Protein chains: 2
Amino acid sequence: MQPITKLVAVQARIMDFISDNKKEITIYDIARELNISPATVSRGLNDHPAVKSNTKKKIVQLAKDLGYQSNTFASNLRKKRTNTIGLILPTINSNFHSSVIAGVEKVANDAGYTLLISQSLEAAGKEAANAKTMFNSRVDGLLVSLAYETNNIEHFQPFINKGIPLIFYDRVFEHKNCTSIVIDNFKAGYEVTQHLISQGAKKLVHITGNLNRNVYADRLKGFKLALMENEIPFSKDNVLAININKEEDLQEAITTILGMPERPDGIFVANDTSAVILIKALKKEKIKVPGDIMVVGFNNDPISKVIEPNLTTVNYPGYEMGEVAARNLINHLNGVMDIISTNTIILRSDLIIRESSLRNL
Amino acid sequence: MQPITKLVAVQARIMDFISDNKKEITIYDIARELNISPATVSRGLNDHPAVKSNTKKKIVQLAKDLGYQSNTFASNLRKKRTNTIGLILPTINSNFHSSVIAGVEKVANDAGYTLLISQSLEAAGKEAANAKTMFNSRVDGLLVSLAYETNNIEHFQPFINKGIPLIFYDRVFEHKNCTSIVIDNFKAGYEVTQHLISQGAKKLVHITGNLNRNVYADRLKGFKLALMENEIPFSKDNVLAININKEEDLQEAITTILGMPERPDGIFVANDTSAVILIKALKKEKIKVPGDIMVVGFNNDPISKVIEPNLTTVNYPGYEMGEVAARNLINHLNGVMDIISTNTIILRSDLIIRESSLRNL
DNA sequence: AAATATATTGCAACCGATTACAAAATTGGT
DNA sequence: ACCAATTTTGTAATCGGTTGCAATATATTT
């Protein structure tokens with residue numbers, strides 16, 4: 001066969017492949033075309049050192065010409081590794097959580113991992129269902145921020161049993177086999193409260209969420225400690241533990257506060273969204289913030305810089321937390337780092353003082 | 001063998017399986033244990049009608065006892081269907097996009113689909129890379145909101161060629177094989193402008209983004225039409241098309257506006273975040289909003305209700321858009337609906353009038 | 001040039017579930 | 001009890017890439 005003729009023939013066959021949109025191009029097609037074995041093609045495509053560079057070049061070129069796309073499933077099936085990491089979180093559409101996702105996605109993507117995301121919508125049942133799906137999808141590792149309602153982590157047991165790394169962040173659960181990534185909520189709560197007291201607050205109230213969740217429980221502990229250190233008596237009235245994501249519950253709490261015989265002069269709210277709603281309500285009642293009542297939030301959401309007065313809050317580094325969680329998981333998966341050795345990672349958080357808590361201006 | 005002995009033996013083997021955490025339980029294990037064929041097990045687990053209900057019961061029970069988990073990859077490989085849908089969007093951590101994700105996730109999850117998410121970070125190159133990954137992962141369908149930079153959709157051609165449904169939302173690209181889901185940006189832009197004019201604005205400025213993107217281009221068209229209809233001359237000075245996601249560029253635009261010989265009295269900004277920054281800058285300059293300058297944003301982000309004055313804006317239903325996009329895709333995948341027949345879906349959007357544009361109070 | 005070492009390639013058995021088709025078991029009717 | 005109709009189960013090929021081991025080709029040494 002003359003070179004030209006041969007070229008034409010190859011071309012024709014290429015066109016055959018391309019036009020026939022029913023069949024996928026596989027390594028077998030490439031192998032046949034090049035008169036080599038599928039094994040070599042597989043190695044060539046994976047840049048295996050034991051393939052002659054010339055052969056490799058031919059393989060890669062033809063693969064490109066034919067528009068070959070590796071079949072992830074066949075590969076995963078055989079390799080028993082999916083290069084996928086799972087992420088289960090309460091809700092996607094909040095500033096904090098979407099920042100976390102962005103951070104995780106960035107790191108995962110750069111490391112060649114695919115990301116599987118699902119939201120529990122704060123329901124334990126859905127969290128369990130999601131976990132099961134993730135397990136079936138054979139994620140290489142799992143990142144979790146627990147649902148509001150979750151009381152135990154039985155539904156994650158299969159991962160633990162199978163040695164699939166499981167990392168909790170934000171809303172964590174203590175477990176000897178799992179790493180937790182958090183900020184020091186205790187310290188943050190303590191600092192917030194100390195700050196309020198240093199600004200002259202005498203009667204403090206803390207509006208918080210489900211105390212089964214570490215984030216809320218720890219902040220409360222910090223709150224209590226600060227009161228104690230300043231010899232301010234603590235009673236149940238100082239804390240309103242509500243379902244902080246439910247606006248009605250929050251409204252009720254606000255009503256409670258407004259109706260208190262002796263109104264508080266410093267309120268520490270466990271998230272910015274709620275703090276902003278509170279401030280708006282106070283302003284409507286002609287109560288001055290910070291003049292009459294100082295308010296501090298938590299998270300450093302964008303709204304905290306928009307509300308007037310600007311809201312004092314705690315910077316909760318979501319994006320960074322996502323990055324750290326993902327990096328940790330991936331390092332562990334790649335054997336760079338042993339995850340068991342690090343049980344808890346604490347990220348830096350900062351009290352950001354703005355007008356809403358500055359009485360001594 | 002006596003019943004009891006047999007039971008013990010089975011128990012023992014079950015324990016064997018469970019304790020041996022190296023090997024996965026497969027349908028072969030179940031088949032061997034039950035003395036039936038793997039085919040029957042497969043059918044039994046999938047509730048195939050041609051399996052005796054008694055056998056089915058036994059299979060399901062043992063599967064449960066052994067902690068069997070179907071191997072998605074083997075299944076996908078064979079079925080050539082992944083029950084996965086891909087989602088590519090510019091950035092995850094914005095109110096609009098995270099709402100979309102939440103909507104998509106909800107629908108996808110309820111329909112038994114898994115969600116694969118990746119962000120382009122507004123870069124065409126990364127968008128292409130993500131598309132390739134999605135393609136290799138054999139997503140059954142793809143939802144896309146284009147990157148700021150993307151100029152063509154060559155990188156999605158493989159999907160189109162292979163007949164994988166591709167749906168654009170928000171930032172779309174006209175293509176005969178693809179459905180687009182949008183709001184009527186033209187109408188919205190027109191309404192915003194009409195509203196400003198009705199409130200007495202005479203000199204209008206529109207701060208917007210990359211005009212290659214439909215969302216910005218269409219709103220500008222609406223802006224222009226409204227001017228024309230009100231016999232307000234249009235010139236280039238009326239439009240500041242910048243990289244609206246870059247704060248520096250926005251600051252520059254604001255400086256430009258402040259330096260204008262004749263200051264505008266109505267500004268239409270293409271997103272709320274930027275509108276809020278603008279308002280804060282104006283307030284710092286002692287320019288009254290809406291007294292001196294009226295401002296309207298776009299998206300109805302949470303901050304729009306926090307800024308003072310509250311921001312007039314256009315409600316952009318992200319969650320709903322996500323739901324619609326996902327539902328459409330899934331219906332098409334399930335053959336319930338033909339996607340080709342619907343080329344464009346327009347969601348309702350509303351002008352939400354708040355103080356920032358109300359001069360006639 | 002023969003012998004040994006090294007670089008490339010091929011063979012064939014996986015990975016685990018699905019499914020067309022064939023075979024066996026059961027049911028029903030006479 | 002016998003045969004056909006119907007259920008139920010089994011056989012075996014298939015999806016496409018990976019990898020241990022064997023075989024062949026090339027390079028190096030003596």
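We name chains A, B, ... by the order of the sequence lines, and we start the count at 1 in each one. Reckoned from all heavy atoms, side chains included, excluding hydrogens, waters and symmetry mates. Everything quoted here is computed from the prediction, not taken from an experiment.
- A sub-4.0 Å separation between OP1 or OP2 of C:dT18 and a side-chain N or O of B:Ser75 is present.
- For the pair B:His48 and A:Gln69, nearest-nucleotide mapping onto DNA chain D gives the more 5' position to B:His48.
- If you check every strand for non-hydrogen atoms under 4.0 Å, A:Tyr28 touches a base.
- B:Thr26 comes within 4.0 angstrom of the backbone, heavy atoms only, and of no base.
- The pair A:Arg171-A:Glu122 counts as a salt bridge, with a side-chain nitrogen and a carboxylate oxygen less than 4.0 angstrom apart.
- Comparing atom distances between the B:Ala39 side chain and each of D:dT11, C:dA17, C:dT8 picks out D:dT11 as nearest.
- Shortest non-hydrogen contact noted between B:Lys126 and B:Ser120 is CB-O, 3.5 Å.
- When the P atom of C:dG16 is taken as reference, atom CG of A:Asn136 falls 14 Å away, rounded to whole Å.
- Each of C:dG16, C:dT9, D:dG17 was ranked by its minimum atom distance to the side chain of A:Ser42; first place goes to D:dG17.
- For the pair B:Pro49 and B:Ala74, nearest-nucleotide mapping onto DNA chain D gives the more 5' position to B:Pro49.
- Distance CG (B:Leu34) to P (D:dG10): 10 Å, rounded to an integer number of Å.
- Protein atom CG of A:Leu77 is 7 Å distant from nucleotide atom P of C:dG16, rounded to whole Å.
- Nucleotides of DNA chain C nearest to B:Lys79 and A:Lys79 differ in position, and the one nearer the 5' end is that of A:Lys79.
- When all heavy atoms are compared, the tightest approach of B:Thr40 to B:Ile59 is O-CD1, 3.6 Å.
- If you check D:dG16, D:dT8, D:dT19 against the side chain of B:Ala50, the one that comes closest is D:dT8.
- Donor-acceptor pairing under 3.5 Å, judged by distance alone, is absent between the side chain of B:Arg78 and the base of D:dG17.
- Using a 4.0 Å heavy-atom distance criterion, B:Asn46 is classed as a sugar-phosphate-only contact.
- With hydrogens and angles disregarded, no donor-acceptor distance shorter than 3.5 Å links the side chain of A:Glu323 to the backbone of A:Lys106.
- Within the nucleic acid shown, B:Leu45 has no heavy atom closer than 4.0 Å to any nucleic acid atom.
- For A:Ile36 and C:dA12, the CD1 to C1' distance is 17 Å, given to the nearest whole Å.
- Contact annotation: A:Thr40 reaches the phosphate of C:dG10 (side-chain N/O to OP1 or OP2, under 4.0 Å).
- Within 4.0 Å (heavy atoms only), A:Asn35 reaches sugar-phosphate atoms of the nucleic acid but no base atom.
- In this entry the distance linking CG of B:Asn76 with P of D:dG17 reads 15 Å, nearest Å.
- Here the C1' atom of nucleotide C:dT8 and the NZ atom of A:Lys56 are 11 Å apart, to the nearest Å.
- Figure legend: cation-pi geometry between B:Lys80 and A:Phe73 absent, as NZ or CZ is not positioned both under 6.0 Å from the six-membered ring centre and within 45° of its axis.
- Put simply, the side chain of B:Asp140 never gets that close to the backbone of B:Ile164: no donor and acceptor are under 3.5 Å apart.
- The B:Thr55 side chain lies nearest to D:dT8 when the options are C:dT9, D:dG16, D:dT8.
- Checked by distance alone, A:Arg43 brings a side-chain donor or acceptor within 3.5 Å of a matching partner on the base of C:dG10.
- One can place CD1 of B:Ile27 at 13 Å from C1' of D:dG10, the figure rounded to the nearest angstrom.
- For the pair B:Ile59 CD1 and D:dT9 C1', the interatomic distance rounds to 10 Å; values are reported in whole Å.
- For B:Lys80 and D:dG16, the shortest distance from a side-chain N or O to OP1 or OP2 is below 4.0 Å.
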